[in-house]
Structures are given as C-alpha cells and as structure tokens.
Visitor: 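Just dropping this structure here.
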Amino acid sequence: MRAVPRWPLWLGARVRRAAGAGTVIAAAALACGWPYWRGHPVPAAVTLACCGGFAAAGGLLAAGRLGRRTGAAFVFAAAAWAVTWSAAWNGGAAPLVSVFAQSVFFVAIGVGVVIYPGRRPAGAAARLWTAAAVLVMVGGQALLCAVSRPEWNGFAASAVWPSVRPDEEVFRCAQRAVTVAMVALAGALVVILLARLPRTGRLDRAFTVPVAAAVTVGVSAALAVQGALLGTAVTLDDVLGVYFLQGFCATTLPIVFLFAALRARLAELTVAERMHRLTAPVSVEKVRDALRGVLGDAALDLWLWADGGYVGVDGRRPGAPHGPGPGRWRHEVRTSGGEPLATVDLAAALRDHGPLVEAALTAGGRALETVRLQAAARAALERARDARERLVRVQAAERERLAADLQRSARARLRALEETLARLEGAAADPAAREQARGCRRELAEAVAELDGLARGVHPAILADAGLAPAMELVAARAAVPVRLDLPAARFPQEIETTLYFALCEALANAVKHARADAVEMTVRAAGGGVVAEVRDDGAGGAAPAPHGGLAGLTDRVRALRGEVALDSPPGAGTTLTITLPLPG
C-alpha cells in the first residue's frame, strides 16, 4: 500500500525550512519591537510580514541552486532588521545595538546583491565596494556614536552610549557626511550592476536590469527617509518610523531575486519542451541552434563524438577540440553508459546556470544521439571529399610534371634525332637517300609538333608560368568564335587554376560544338573567399548535363575541390555556366 504524503508536493522541505526561518525572524522582530507594536498595530502587521517574507525569500534562495550565498546574506539581513527594532525598548544597550544592526542590515543587502550569483564579490570594483560599505556603514556609525549623545539620536539619555568627545555641531556635520557617503555607495552599486551588462549573457542580463532598478528605487527611497533624522529635534517615533519605511522599501530586493530564481527554475522545467520544438525535424544545425536559443549564447558551438574522434557541425574532424577561449567554458556530454557523446563550447557565465545547462543537454540527449549518426555520416562524406580533393591536387601536379617531362626529355631526343637526319641528308651522295632523309625529317617535325600539342593538352606551360589569364587568352585566340575575356591578372593556387582552365576550355568547346554560339563571354573574379567564373554564350540554349558527358565531367572535377556548378540554359536564350570554387584556408 502506497504511503500518503504527509505534506503537499508544493510544500517541500526547502519551502518548509524557508517558511520556518521567516517565522522565527518575524517572531524575533515582534519581540524586539514589542513596546512600539502595542500602540501601532498596522505598522506592526506590515513590518512583521515584510521581515518574515524577507527571510523566507532569502531562505528559498539559499536552498536553491542559484544565488545560495545571496540568499544567506538576505536571511542575515532580515535577522539584522529584526534586531534593529530593539530600539523600541529605549533603554540599556538596546538603542546602541539597534543602530549598528541597521548598518549591518544595509551592508548584508548590498553584499548579497554584488555577489550574485557566485560565492564572493566578483571583480575588483565589487570587492572595493564591499570594503567601502563596511567602512561607511559600520565605521561611520561608530564615528557618529563617538561624537554624539543618545538623546541627539532620538533615544533616552539613560541609554548606554559610547560617547568619546560629544559635540553636537561635529555630530551634525558627520551625520551629513555619512549620508552623502551612503548616497555615493548606492550610486556605485547601481553602476557596478550596469557595468556587468556587456560581460553577462542573456540569462544574467534579464536579471541584472530589474535588480539595478530595484536597488535604485529601494535605496533611493531608504536614503530619502533617512534625511528625516538630520534635524535637531529627533524623537524615538521618528527613528522607528524611518526603520519601518526603510525596511518596507528594502523588501523589494529579495522579491526581485526570488522572481529571478523562479524564472530560472521555470526555464529548467520547460527546457525539454522547447528543445523538442526547436529541434524538429532533427538535424545537427537545429540541435546547435536550439541550444543557442535556450541558453542565450549565440556563439555556442558543438562537436559530436563519432568514429573515435570529435567532428564539427559541418562534418569536419578537428581532432580533440582546442581549449576554450577567453570567457568560454567547455562542457562534456556523455551517454547514460558513460561514453563520450558531445562537447559543447559555452559562455563562461553559464557556469552559474549549471542546472539549466544540464537540463538543456539532457532534454537534447535523444536529439544528440540521433545527430551523432548524421555527424558520423557527414564525417565519412567529408573524408571522401578530402581524399578526392587530394587526388585532384596530385593529378594537377602530375599533369604538370608529365608535361614538363615530355617537353624536356622526349622533345629533346626528337630534336637531336632531327639534327642527325639533317647531317645524314647532307652527307648522302645518293639523291634517293637524301629524299628519304628529307621525308624522315618532315615526319619527325610533325611528331614534335604533335608532342608539343600533347604537352599543352596535359598541362600547358603558359598556365604554370604565367597563370590563368594568359593561358585563356591563348585558347581564345585559337577559338572558332569571338571570345571576350574578363580575367584578373592575380594568381590563384595551382589546383584552382588547373581546374578552372580545363572547365573553361570544356565550356567553350560545348558552346561552339553543341550550342552553335556566335560569341562567348568569360568572366573570372575573386569573391567571398572563393573564385567565381562565368561563361555566357548566345547559342541555342537548352543545355543539360548528360551522364558521362562533358558537363558531367566538368561538374565532378569542380565538386572534387568543394566547388559548385550552376547551369542556366533556357531554350533559345543562350547559356550561362557559373563555377564557384572555394580558396584554400
């Protein structure tokens, strides 16, 4: 038989502990301010509710996953606020304890704000502000006590008071100076919060703005009512009225922080639905973009584990990803069996939102498993493309070497043989022998010409020596139709020039032979990290790649270098062939 829960699900252990802390501190505030509460029931109800709510909100933060130290600081501040009401007894050491408890109250609130969401003040400015707050609020209050008497502060003359050199004029001046310093502290706190905005992610930015606004409004109101104590005829009711208004204004801060924590928790609970919606249908890019949107990091990157190594979203295998850059954080994702699944590069600020990151990656776990198979397939395809690209480069280099060998060795031998025949022709006395030698020389000259043509067809020397533009000018001069060229004088990598040369020659041959064009225009330009070549003719149009045809071979050669071929050939309107090749690097 299933046991019936003792408590409702919404009233868990954390909520019960926070409510208990709020109840205890509200009871302490009731006891400390009892002489005043008896004659002021409405302020009593409001203050006890605010004080208990302050402590409960801090307790919830302290028990949560985000801003635990801030929550603890708020609970401590609520306890100091409760002790502040001991001034209502107006005798003994109670007033002295009260004024210092008020200072601690404001210091604890400020520290709770500057340390969020970490464990200690982040940055030199935050640490300097914390030290200045302790000096001004606690040290300033000690100075005010040393130069004053209790009745100048609105307390009974019989109260215990550490007067060293009481001087009312000095006291009033010091009081105004401490108030000005408090205003400066409040302004500096707002500046510190706003200065964090450019360095914070979208999640923290959505929290920082309302907190800065709450600090500005709450502290400004608290300091405004503090001015009521700068007069010369301050009574205990004036002091306690200021305490009431200051505490009421300060209550907005834990509410804002608690709202931020609830938003973070709600984001964790809804992340599964958002990830599922953003990744349908599943693809590597969709998973990465979904994580970017859910975690608020537009620079988030993703590597998937496939075939014993990491591969990027594009299928390239970078090996083990390099270490994170400045302001970045690497988080490894593993399967339920402990095997590597993925590595995610995140903004360092997301370390403070670890539960949300884990929830997003857990929700995307099934999608990651699916896209890992896609990544493995892409990696295999990229390896095949890399191998084909290397093959094309090797072929280009081999063509150039073969052409050079033909012209250097075989052509040299044939020329030497031609010279030998010339000497034999001159030395032969028989006319028939001389005629045969002359015929051999003619045949040999034709063979040399054919060999030169073969060498130019394998890899024209002018292409290697002068570049694509001069090589195409030579081709255009021999073409059967007028060819207008617009080619840059700049050189490109060898495999790019070789591929473009043969592709342009093939396109020109197709325009003349199949399209029966009267004119051809060729343009080559560098654009966007690549090279774009266009061949336009005024022929019959209607061209289409055929299996094993010239256009099919041209396309295969271009794609081997990760390029693209686009064909626009409407019937009767000419043909435009566009070739795009990426430049290495």
Side-chain angles (χ1 to χ4, degrees), residues 5-38 40-89 94 97-98 100-113 115-117 207 210-211 214-215 217-219 221-222 240 242-266:
R6 181 179 177 184
W7 303 97
L9 293 178
W10 58 269
L11 191 60
R14 295 178 179 178
V15 177
R16 294 199 302 272
R17 285 195 294 269
T23 303
V24 170
I25 290 179
L30 177 65
C32 290
W34 179 248
Y36 180 72
W37 302 137
R38 287 181 300 180
H40 302 82
V42 175
V46 173
T47 300
L48 295 180
C50 289
C51 192
F54 202 118
L60 288 174
L61 281 173
R65 300 174 179 175
L66 193 64
R68 293 184 177 182
R69 294 296 178 91
T70 296
F74 284 169
V75 173
F76 187 73
W81 185 16
V83 175
T84 300
W85 288 102
S86 61
W89 294 94
V97 172
S98 171
F100 279 98
Q102 183 199 30
S103 298
V104 171
F105 171 61
F106 284 115
V107 171
I109 289 177
V111 170
V113 170
I115 67 175
Y116 184 88
F207 161 79
V211 168
V215 168
V217 175
V219 175
L240 297 179
V242 168
Y243 287 173
F244 168 73
L245 293 175
Q246 287 179 336
F248 182 78
C249 294
T251 306
T252 58
L253 282 173
I255 293 175
V256 170
F257 276 86
L258 186 59
F259 176 71
L262 291 175
R263 281 186 60 186
R265 182 56 178 160
L266 182 62

Visitor: Show the nearest heavy-atom pair for residues C32 and A82, with the distance to one decimal.
Guide: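 C32 and A82 have their closest heavy atoms at CB-O, 3.3 Å.
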Visitor: Can you tell me how far the CG atom of L48 sits from the CG atom of L30, to the nearest 0.5 Å?
Guide: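 If we round to the nearest 0.5 Å, L48:CG and L30:CG are 5.5 Å apart.
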Visitor: Heavy atoms only: give me the nearest R69-I115 pair and the separation to one decimal.
Guide: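 Closest approach of R69 to I115: CB-CD1, 3.4 Å.
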Visitor: Apply side chain to side chain contact (heavy atoms under 4.5 Å, CB included) to the pair V83 and V104, showing each step before the final yes or no.
Guide: CA-CA 10 Å; V83 175; V104 171; over 6 Å; no
Visitor: Evaluate the criterion side chain to side chain contact (heavy atoms under 4.5 Å, CB included) for residue pair F105 and F54; output intermediate values, then yes/no.
Guide: CA-CA 12 Å; F105 171 61; F54 202 118; 4.2 Å; yes
Visitor: For W85 and T47, what are the C-alpha separation, side-chain angles and deciding distance, and is it a side chain to side chain contact (heavy atoms under 4.5 Å, CB included)?
Guide: CA-CA 10 Å; W85 288 102; T47 300; 3.5 Å; yes
Visitor: What verdict does the side chain to side chain contact (heavy atoms under 4.5 Å, CB included) test give for S98 and W89, after you've listed the backbone C-alpha separation in whole Å, the side-chain angles of each residue and the deciding distance to 0.1 Å?
Guide: CA-CA 10 Å; S98 171; W89 294 94; over 6 Å; no
Visitor: Quick one: closest heavy-atom pair of A78 and C51, and the distance?
Guide: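 Where A78 meets C51 most closely, the heavy atoms are O-SG, 3.7 Å.
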Visitor: Please name the pair of heavy atoms, one in A88 and one in G33, separated by the smallest distance, quoted to 0.1 Å.
Guide: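 Result for this residue pair: CB-CA, 3.8 Å.
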Visitor: Any idea which heavy atoms bring A77 and I109 closest together, and the distance?
Guide: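 In this case the closest contact between A77 and I109 is CB-CG1, 3.9 Å.
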Visitor: State whether the side chain of W81 and the backbone N or O of F106 hold a donor-acceptor pair below 3.5 Å, judged by distance alone.
Guide: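 The answer is no, because no donor-acceptor pair under 3.5 Å joins these two groups.
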Visitor: Above 12 or not: heavy atoms from other molecules or residues under 6.0 Å from CZ of F76?
Guide: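 Not buried by this count: 12 neighbours or fewer within 6.0 Å.
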Visitor: Minimum heavy-atom separation for I25 and V75, please, with both atom names.
Guide: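 Minimum heavy-atom contact is CD1-O, 3.7 Å.
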